[in-house]
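The chains referred to below are lettered A, B, ... by the order of the sequence lines, with proteins before strands, and numbering in each begins at 1.
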2 protein chains.
Amino acid sequence: MKIPSPSIPRISLYYRVLLSLKDKDIISSQELSELTGCSAAQVRKDLAYFGQFGRPGSGYNVEVLKTELKNILGIDKDWDVALIGAGNLGSALLAYKGFRGQGFNIKYVFDNDRKKIGKLKQGIKVRDILELKKATKQIGINLAVVAVPQEAAQEVIDELVLSGIKAILNFAPIRPRVSEDIKVLNIDLSTELERLSYFLQRRKV
Amino acid sequence: MKIPSPSIPRISLYYRVLLSLKDKDIISSQELSELTGCSAAQVRKDLAYFGQFGRPGSGYNVEVLKTELKNILGIDKDWDVALIGAGNLGSALLAYKGFRGQGFNIKYVFDNDRKKIGKLKQGIKVRDILELKKATKQIGINLAVVAVPQEAAQEVIDELVLSGIKAILNFAPIRPRVSEDIKVLNIDLSTELERLSYFLQRRKV
DNA sequence: TAGATTGTTAATCGATTAACAATC
DNA sequence: TAGATTGTTAATCGATTAACAATC
């Protein structure tokens with residue numbers, strides 16, 4: 001079956017909400033609706049894409065659902081992550097506890113700055129970006145976070161792809177060109193601010 | 001007319017691409033398509049929502065289009081921004097040159113950490129978050145970036161709304177509850193990583 | 001005039017919502 | 001059995017694409 005792409009971030013949201021529940025064994029789509037802001041029909045539909053997890057008349061078993069959603073999202077196991085760019089943003093991401101807590105372990109950090117290479121950041125050695133290819137091939141990492149300046153981004157991403165990386169979270173304000181089988185998600189702060197600017201501007205008219 | 005919401009980030013993308021053009025007076029929807037990855041029909045449609053900027057037979061005048069898109073996005077003028085949270089992420093955002101370059105000036109920084117309050121960060125004084133209400137009312141800022149820990153986020157956002165803020169870029173991993181007339185965009189790193197995890201997981205099956 | 005490309009209408013596609021039979 | 005809620009089908013809504021007359 002073809003799953004609508006907006007379902008996946010919603011699955012992630014449902015999972016988050018389930019984690020925050022205390023002393024609740026069963027939850028209905030209606031309750032999940034109230035906790036997430038998604039409609040109850042949408043909750044049921046999203047879940048039904050992946051299986052029959054509920055029990056008509058009562059609802060969903062919270063523990064079962066947590067486990068199922070974890071499996072769907074592929075976070076039943078940990079992922080090793082490579083971080084490219086140890087500047088301000090990269091360092092902030094490295095220090096962010098949310099990642100490790102969610103099972104995403106930044107295991108390798110690369111930079112091209114001689115001053116940073118070889119130093120430790122958050123207990124992880126900063127490697128020369130030239131080692132990139134060797135390193136990822138060796139260790140089989142397939143998830144990378146790119147936090148380098150705009151000018152370097154496409155080149156770094158090309159290199160990552162050559163190194164066997166399959167999924168990239170990109171913070172540089174470009175839409176990198178990659179082959180079909182690579183998944184890139186772009187987080188573009190300027191675009192987000194411009195969306196807010198558009199909203200504020202419109203509001204007045 | 002009702003404008004599809006995905007159009008706005010695309011407008012932002014078109015604008016970005018136009019900025020990068022050198023020595024080009026006229027551009028066709030076909031060329032913009034190649035540069036952005038959006039279809040030519042979509043480029044024309046997005047632009048047509050806002051006016052008739054092109055010239056049949058030739059294309060769009062680059063300078064004219066730049067100006068028009070700036071107006072649409074509301075970035076023909078600068079915006080003052082308040083940053084809440086001067087931790088790792090907040091500091092990285094503060095140091096990020098892209099914002100200022102795009103006309104988003106972080107003018108106020110707030111934190112609740114006694115150790116940070118009163119100190120300068122990137123030349124900007126860190127204020128006590130308790131001053132928030134007073135400060136935003138006084139100065140008429142209506143755009144804020146929230147980079148505080150999850151536990152503090154909803155409270156901070158409530159406070160921002162009371163202070164008259166109308167648009168919020170939120171980095172905390174919650175879906176804050178706000179009234180209808182407030183626009184919140186959430187940047188949720190865990191969800192993005194989970195989308196990538198889902199992709200990687202699926203790929204194998 | 002011939003060629004090119006816009007702006008717009010109609011057709012298609014995809015996602016969300018509504019409704020309800022099946023189930024507990 | 002009566003009440004509640006799922007899973008699923010059909011209806012609706014919204015966004016994208018295709019096609020082409022109008023325009024330069």
Side-chain angles (χ1 to χ4, degrees), chain A residues 1-14 17-18 21 24-69 72 175 191 195 198-199 202, chain B residues 1-14 17-18 21 24-69 72 175 191 195 198-199 202:
Chain A
M1 195 199 320
K2 168 207 49 53
I3 289 146
S5 61
S7 286
I8 309 307
R10 283 196 302 264
I11 294 279
S12 174
L13 176 60
Y14 306 150
V17 162
L18 291 178
L21 293 179
K24 193 145 179 55
D25 289 342
I26 304 287
I27 191 165
S28 68
S29 59
Q30 181 54 43
E31 290 170 303
L32 268 169
S33 168
E34 282 153 18
L35 290 166
T36 59
C38 306
S39 75
Q42 184 144 75
V43 170
R44 291 199 301 278
K45 197 118 225 285
D46 284 339
L47 298 177
Y49 288 126
F50 296 98
Q52 308 194 150
F53 307 136
R55 194 178 137 100
S58 56
Y60 302 88
N61 178 296
V62 173
E63 279 313 311
V64 168
L65 197 52
K66 269 194 221 170
T67 306
E68 294 289 353
L69 299 192
I72 292 166
R175 295 287 202 89
T191 293
R195 287 172 66 190
Y198 170 80
F199 164 81
R202 279 261 138 161
Chain B
M1 195 198 320
K2 166 205 51 58
I3 289 147
S5 61
S7 287
I8 309 306
R10 284 196 302 264
I11 294 278
S12 174
L13 176 60
Y14 306 150
V17 161
L18 290 177
L21 293 179
K24 193 146 179 56
D25 288 342
I26 303 287
I27 191 164
S28 67
S29 59
Q30 181 54 43
E31 290 170 303
L32 268 169
S33 168
E34 283 152 19
L35 291 166
T36 59
C38 306
S39 74
Q42 185 146 73
V43 170
R44 291 200 299 280
K45 197 120 227 283
D46 284 339
L47 298 176
Y49 288 126
F50 297 97
Q52 309 195 148
F53 307 136
R55 196 176 135 102
S58 55
Y60 301 89
N61 178 297
V62 173
E63 280 312 312
V64 169
L65 197 52
K66 270 195 220 168
T67 306
E68 294 289 353
L69 298 191
I72 292 165
R175 296 286 203 87
T191 294
R195 288 171 66 190
Y198 170 80
F199 165 81
R202 279 260 137 164

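- Listed nucleotides dT17(D), dT8(C), dG7(D) differ in distance to S39(B); the shortest reach to its side chain belongs to dT17(D).
- Comparing atom distances between the S28(A) side chain and each of dT8(C), dT5(C), dT6(D) picks out dT6(D) as nearest.
- Nearest heavy-atom pair, E31(A) versus I26(A), reported as atom, atom and distance to 0.1 Å: OE1-O, 4.1 Å.
- Atoms CZ (F53(B)) and C1' (dT23(D)) sit 18 Å apart, rounded to a whole Å.
- A distance of 12.0 Å separates CZ in F199(B) from CZ in R195(B), rounded to the nearest 0.5 Å.
- Residue D46(B) comes nearest to R10(B) through the heavy atom pair OD2-NE, 2.6 Å, listed as atom of the first residue, atom of the second, then distance.
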Checking side chain to side chain contact (heavy atoms under 4.5 Å, CB included) for the pair L35(A)/L18(A): CA distance, chi angles, key distance, verdict? CA-CA 9 Å; L35(A) 290 166; L18(A) 291 178; over 6 Å; no

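- For R44(B) and dT17(D), the shortest distance from a side-chain N or O to OP1 or OP2 is not below 4.0 Å.
- Considering all non-hydrogen atoms of both residues, N61(B) and E63(B) come closest at OD1-N, 2.9 Å.
- Residues Q42(B) and C38(B) come closest through the heavy atom pair OE1-CB, 4.2 Å.
- Here dG7(C) presents its C1' atom at 15 Å from CD of Q42(B), a figure rounded to the nearest Å.
- In this structure, the CD1 atom of I3(B) is 18 Å from the C1' atom of dC13(D), given to the nearest Å.
- Atom CG of L32(A) is separated from atom P of dT5(D) by 12 Å (rounded to the nearest Å).
- Comparing atom distances between the P4(A) side chain and each of dA15(C), dT6(D), dG7(D) picks out dA15(C) as nearest.
- Atom CZ in R10(A) sits roughly 8 Å away from atom C1' in dA15(C) (whole-Å rounding).
- DNA chain D forms stems at C:3-24 with D:3-24, each a run of 3 or more consecutive Watson-Crick or G-U wobble pairs whose two key distances fall under 3.5 Å.
- Both S5(A) and A41(A) lie close to DNA chain C; mapped to their nearest nucleotides by heavy-atom distance, the more 5′-ward contact belongs to S5(A).
- Taking only side-chain nitrogens and oxygens, Y60(A) never comes nearer than 4.0 Å to OP1 or OP2 of dC24(C).
- Nucleic acid contact class of S7(A) (heavy atoms, under 4.0 Å, all strands): none.
- Rounded to whole angstrom, the span from the CG atom of D46(B) across to the P atom of dT6(C) amounts to 13 Å.
- Out of dA15(C), dT8(C), dT16(C), the shortest distance to the side chain of K45(B) is found at dT8(C).
- R55(B) comes within contact range of the sugar-phosphate backbone alone, with a heavy-atom separation under 4.0 Å but no base atom that close.
- When the P atom of dT8(C) is taken as reference, atom CG of L47(B) falls 12 Å away, rounded to whole Å.
- When rounded to the nearest whole Å, the span between CD1 of I26(B) and P of dC24(D) equals 14 Å.
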Check the pair Y49(B) / I72(B) against side chain to side chain contact (heavy atoms under 4.5 Å, CB included), numbers first and verdict last. CA-CA 10 Å; Y49(B) 288 126; I72(B) 292 165; over 6 Å; no

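- The phosphate of dT8(C) (OP1 or OP2) has a side-chain N or O of Q52(B) nearer than 4.0 angstrom.
- Where S58(A) and C38(A) meet DNA chain C, the nucleotide closest to each residue was compared, and C38(A) sits on the side nearer the 5' end.
- Looking at every heavy atom in both residues, Y14(A) comes nearest to L47(A) through CD1-CD2, 4.2 Å.
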